Amino acid sequence: MTSATTDHPPSVPGRGPGASPDPAPGTADGPELLTVPPGAVASGRLAERRQDIEARIGASGAVVLRGLDVRSAADLADVAAALGIEPMVERERFAPRTELGRGVYSSSEWPADEPMCMHHELSYAEKVPGLLLFGCLVAPAGGGRTEVADSQRVLEALPSELVDRFRREGWLLTRSYHEVGVPWTEAFGTEDRAQVDAYCAAAGLEHEWLPGGRLRTRQRRAAVLRHPGTGRPVWFNQVAFLNERTLDPAIREYLVEVYGPSGLPFNTAYGEGGELSDDTVETINAAYRDASAGLPWQAGDVLLVDNLRMAHSRDPFRGEREVVVLLGNPVRLEGHVLPCAGERENGG
């Protein structure tokens, strides 16, 4: 689990040349704040700093570029192009969002008064983004920070017996696509069942078509991987975030009543199917909380996050908040996709 295959170099942030002398530190273990002169994209000055910025991301895991005055989705796409970041198409999204062009999306639709828990973007997919770009078009009146947590610290903080089990088994994600949540046509970007069949076969997803045009999928993934840029182990999964215990209890009870225990929009388990306890989910979330840090948004900011190393979350907020995102530098991680238990027993 130490190597990766990529669609272009470099696929993920790594170590690079020394940093230039103008950083301002963020909060402990949070994003580094780097001031960039206005017009740096158009003038080519941002492209000239590409290696420096890559080195900073490799060192801290996340960097805020301040001064670019990003005002639109197109501006964020221009920043990505200047830094040589390849956009990727999102598949298997878990929450609705809008495609804005050139690989830029709106933030996932999530209630403003509810936090979005720590997660790595698309950590359950066969191809994952190595780098995330967030552009703040409108800063909220209060709250709404995009916080990050170093998954290396999270891994070190978790109990060894919990980590050992996840190392052995990985984690299992079950999704049911029906009237609640993201429809399969949106998640897979097609209305053609044959294309979904082909995608699932290529990406290591078990799937079955249910009455009424519904779809259920199961996928097993490694929970601990080695970062291909640094070689350090990282806690790379969404096992706590996509567990049924993150749902409001009343909503969970209603969904179970309507669709049955196996019909929730998403749920996770140990890789061999064992149920996660409340204590396990809370232990993981507590480790994330202890490792979380971030900077308040200012309009025009761009946050770059090493998605393989840093989990991210969103705080509740007041007022209008518009943050757009680009998923960049797709990478396939060796040892990430695991056979489901039934496949292994049958020699699959």
Side-chain angles (χ1 to χ4, degrees), residues 88-97 99 105 108-110 117 119-129 166 169-223 225 236-247 251-252 255-256 258-276 281 307 327 330-333 335-348:
M88 68 175 283
V89 175
E90 182 185 36
R91 292 289 181 260
E92 301 184 65
R93 69 183 59 158
F94 67 85
R97 63 164 115 230
E99 298 184 29
Y105 297 85
S108 298
E109 295 178 14
W110 204 263
C117 300
H119 63 287
H120 298 266
E121 205 70 31
L122 296 180
S123 65
Y124 46 81
E126 182 261 349
K127 182 191 293 185
V128 305
F166 277 109
E169 299 186 21
W171 64 293
L172 187 68
L173 171 64
T174 302
R175 298 186 64 178
S176 295
Y177 297 89
H178 40 58
E179 296 85 354
V180 177
V182 177
W184 64 262
T185 52
E186 180 179 340
F188 293 95
T190 180
E191 297 181 357
D192 186 340
R193 290 191 183 191
Q195 290 188 25
V196 175
D197 293 340
Y199 177 95
C200 290
L205 276 72
E206 287 185 351
H207 73 292
E208 59 178 323
W209 294 102
L210 304 174
R214 295 177 295 129
L215 173 67
R216 181 173 297 147
T217 63
R218 292 172 75 245
Q219 58 217 95
R220 182 167 167 253
R221 302 294 186 246
L225 291 165
F236 183 70
N237 59 73
Q238 284 167 247
V239 68
F241 181 34
L242 294 178
N243 189 265
E244 62 178 303
R245 288 168 176 77
T246 63
L247 293 169
I251 295 175
R252 182 175 63 182
L255 292 174
V256 169
V258 174
Y259 298 108
S262 63
L264 293 171
F266 51 80
N267 200 5
T268 62
Y270 290 104
E272 295 184 358
E275 183 179 353
L276 303 183
V281 173
N307 184 49
L327 315 180
V331 58
R332 290 180 171 90
L333 300 166
H336 183 216
V337 176
L338 304 175
C340 291
E343 292 176 327
R344 187 169 64 253
E345 291 166 2
N346 295 328

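Source: prediction; values computed, not measured.
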Which atom names give the shortest non-hydrogen contact between [X] and [Y], and what distance separates them?
| X | Y | result |
| --- | --- | --- |
| S262 | S176 | O-OG, 3.3 Å |
| S123 | V128 | CA-CG1, 4.4 Å |
| E169 | E272 | OE1-N, 3.1 Å |
| G263 | R216 | CA-NH2, 4.0 Å |
| L255 | P265 | CD1-CD, 3.8 Å |
| G213 | R193 | CA-NH2, 3.3 Å |

**Asked** Do the ring planes of Y259 and H178 sit parallel (below 30°), tilted (30 to 60°) or perpendicular (above 60°)?
**Response** parallel

**Message:** With a 4.0 Å cut-off on N to O distance, would you call E90 and R97 a salt bridge?
**Reply:** yes

Whether [X] side chain and [Y] backbone form a donor-acceptor pair below 3.5 Å:
| X | Y | result |
| --- | --- | --- |
| R220 | P339 | yes |
| T174 | N267 | no |
| Q219 | E206 | no |
| R245 | L276 | yes |
| R93 | S108 | no |

**Sub-6.0 Å ring centroid separation between F241 and W110** = yes

**Complete:** Given the options F188, W184, F266, Y177 meets ring-ring contact (aromatic ring centres under 6.0 Å, His included) only with F188

**Residues, nucleotides or ligands: over 12 heavy atoms within 6.0 Å of E191 CD** = no

**Request:** Could you give me the CA-CA distance, side-chain angles and deciding distance for H120 and N237, then say whether side chain to side chain contact (heavy atoms under 4.5 Å, CB included) is met?
**Result:** CA-CA 6 Å; H120 298 266; N237 59 73; over 6 Å; no

**Asked** Going through the distances and angles, do V239 and F166 end up as a side chain to side chain contact (heavy atoms under 4.5 Å, CB included)?
**Response** CA-CA 10 Å; V239 68; F166 277 109; 3.8 Å; yes

**Request:** Can you sort out the partners of W209 under side-chain hydrogen bond (donor to acceptor under 3.5 Å, both in side chains), two or more places apart, ordered by chain and number?
**Result:** D197

**Prompt:** Got a sec, which residues hit side-chain hydrogen bond (donor to acceptor under 3.5 Å, both in side chains) with E208, two or more places apart in sequence or on another chain?
**Reply:** none

When you compare the side chains of [X] and [Y], does any donor N or O come within less than 3.5 Å of an acceptor on the partner?
| X | Y | value |
| --- | --- | --- |
| Y199 | E92 | yes |
| N307 | E121 | no |
| N243 | T268 | yes |
| T217 | R175 | no |

**Asked** Under the side chain to side chain contact (heavy atoms under 4.5 Å, CB included) criterion, do L172 and Y270 qualify, and how do the steps go?
**Response** CA-CA 6 Å; L172 187 68; Y270 290 104; over 6 Å; no

